[in-house]
Protein chains: 2
Amino acid sequence: MQPRTSPSTGSTRPLRADARRNYDLLVAAADAAFTEHGADASLEDIARRAGVGIGTLYRHFPTREALLAKVLDAGAAAIVARANELRTTTPPSSALVSWLEAMMGYVMTYDGLAKSLAASLVESGKSELCAPCKLMTEAGQMLLDRAQQSGELRQDATIHDIVLGAHAAAWAAEQTDDADAARRLLTLIIDGLRTDAAPRAVARAVRRGAPRRS
Amino acid sequence: MQPRTSPSTGSTRPLRADARRNYDLLVAAADAAFTEHGADASLEDIARRAGVGIGTLYRHFPTREALLAKVLDAGAAAIVARANELRTTTPPSSALVSWLEAMMGYVMTYDGLAKSLAASLVESGKSELCAPCKLMTEAGQMLLDRAQQSGELRQDATIHDIVLGAHAAAWAAEQTDDADAARRLLTLIIDGLRTDAAPRAVARAVRRGAPRRS
DNA sequence: ACCTGAACACCGTTCAAGT
DNA sequence: ACCTGAACACCGTTCAAGT
């Protein structure tokens, strides 16, 4: 178990030049393959695209999650940065909503990614995806705290359920090829958390049933 | 394209005795395999369990969905029956909630079933799963109409989004091995649809932020 | 009419052999 | 130190040959 840190983030022991090159080729090939065929893209195909043997892929990335995590961590960092930006520019609950929408867009980058991320949400360390997932969740916690302290959202909401719900909404949009479904489902979830009454104006007036018969 | 109706539901032309027997063996084996290994269980394994050749499985069930639909349709009928029962025994919006919970339990029968059902929700006829899915959605529509006419739920909710949300919640519970997550996420969704204010009592009092500092 | 299983084209993963 | 690719154990799906 040597503490082999990722080569792109200041490696402890630098890779041999050819190894370094293969590593980068693999990451680029994986990004392309995941984009085209989703997070379950064939690892053999990725190795083929990178022009390396399948054994080389396994040497650098012992699991699919390790490869996925490497390809995704730049995006995850951007989502965290977006949270900090929204905190200073946007009112509490709409900052949270905008951030969740950004996260859902990120999750929809690759087909099947919502599944991997939802799993990593609970595995807590078992997968390399847990690190980016944890960072994002912490960023979300900060925005949720702010929205709850402002009184706009209920105190009993947990960031875990909200993030899980956002992943589920992204997954649903993926399954139904209906990109807007993610936003609609997120709206349902957030509306359930507001402390004020039902936000969309429509319903208030119809307290005692519409005229059409049962 | 002969209109080959399912053997168990009054067949047009009855199957030969051995074929009939194999058909039933396959359905039983599939049920066991789906329960054990999820909706993606190996078809070869199912044929093996049934003691028939893989070709026989494909003859009776040209696609995985056809087999899945056959194994599931009794349960789907039960969910529809449950809707009719709840309509006559339970107040509008809690009838809908109880019914959605029953449907989520059904969807969680097999791992990976939520995915198949969510896809069938939009394919509209392409998969054999669409028939049971459509029946369930219609039953849900009836309960939703009732809840909206009573004024308890907003008028702008669609049964499509609610059922999709329930599937997504079931999926989330599956991914996180947290059976209760489905119920919690469903609660978020339904709370978002109520016409009265936030239902859980907690938050009302904290309109202007809790004392702990940002 | 129905059944069988070999055949084909794919996977993921490991590991002995190379440089 | 690193790379390669054959080998193994699986899949899903089709189809010629059987009864």
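First the proteins, then the strands, lettered A, B, ... as listed; each starts at 1. Heavy atoms only: backbone and side chains are in, while hydrogens, waters and symmetry mates are out.
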Verdict with supporting geometry, A/Asp40 and A/Lys115, salt bridge (charged side-chain N to carboxylate O under 4.0 Å, His left out): CA-CA 11 Å; A/Asp40 294 321; A/Lys115 185 184 175 92; over 6 Å; no
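- Aromatic ring orientation, B/Trp171 versus A/Trp171: parallel (interplanar angle below 30°, classes split at 30° and 60°).
- Below 30°, between 30° and 60°, or above 60°: for A/His60 and A/Tyr23 the angle between ring planes is above 60°, a perpendicular geometry.
- For A/Ala19, taking side-chain heavy atoms from C-beta onward, the closest of the listed nucleotides D/dC2, C/dC2, D/dG12 is D/dC2.
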For nucleotides 4-8 of chain C, give me every protein contact, N/O to N/O, under 3.5 Å, one pair per line with atom names.
residue	atom	partner	partner atom	Å
C/dT4	OP2	B/Gly53	N	2.8
C/dT4	OP2	B/Thr56	OG1	2.8
C/dG5	O6	B/Gly55	N	3.4

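- The side chain of B/His60 places no N or O atom within less than 4.0 Å of a non-bridging phosphate oxygen (OP1 or OP2) of C/dC2.
- Of all heavy-atom pairs spanning A/Thr176 and A/Ala181, the tightest one is OG1-CB, 4.3 Å.
- For residues 159-170 of chain A, the side-chain hydrogen bond (donor to acceptor under 3.5 Å, both in side chains) pairs, not counting sequence neighbours, are A/Asp161-B/Arg184.
- Shown are A/Thr63, A/Asp73, A/Leu117; of these, the side-chain contact (heavy atoms from CB on, under 4.5 Å) with A/Leu129 is made only by A/Leu117.
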Distances under 3.5 Å between protein N/O atoms and the N/O atoms of nucleotides 17-19 of chain C, please, pair by pair.
none

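- Taking a pair as Watson-Crick or G-U wobble with both distances under 3.5 Å, DNA chain D forms stems of 3 or more consecutive pairs at C:4-8 with D:12-16, C:12-16 with D:4-8.
- Going from atom CZ of B/Arg48 over to atom C1' of D/dG12 covers 13 Å, rounded to whole Å.
- DNA chain C is contacted by no residue of residues 26-43 of chain B, taking any non-hydrogen atom closer than 4.0 Å.
- Not counting sequence neighbours, the partners of A/Arg183 by the side-chain contact (heavy atoms from CB on, under 4.5 Å) test are A/Glu101, A/Asp180, A/Thr187.
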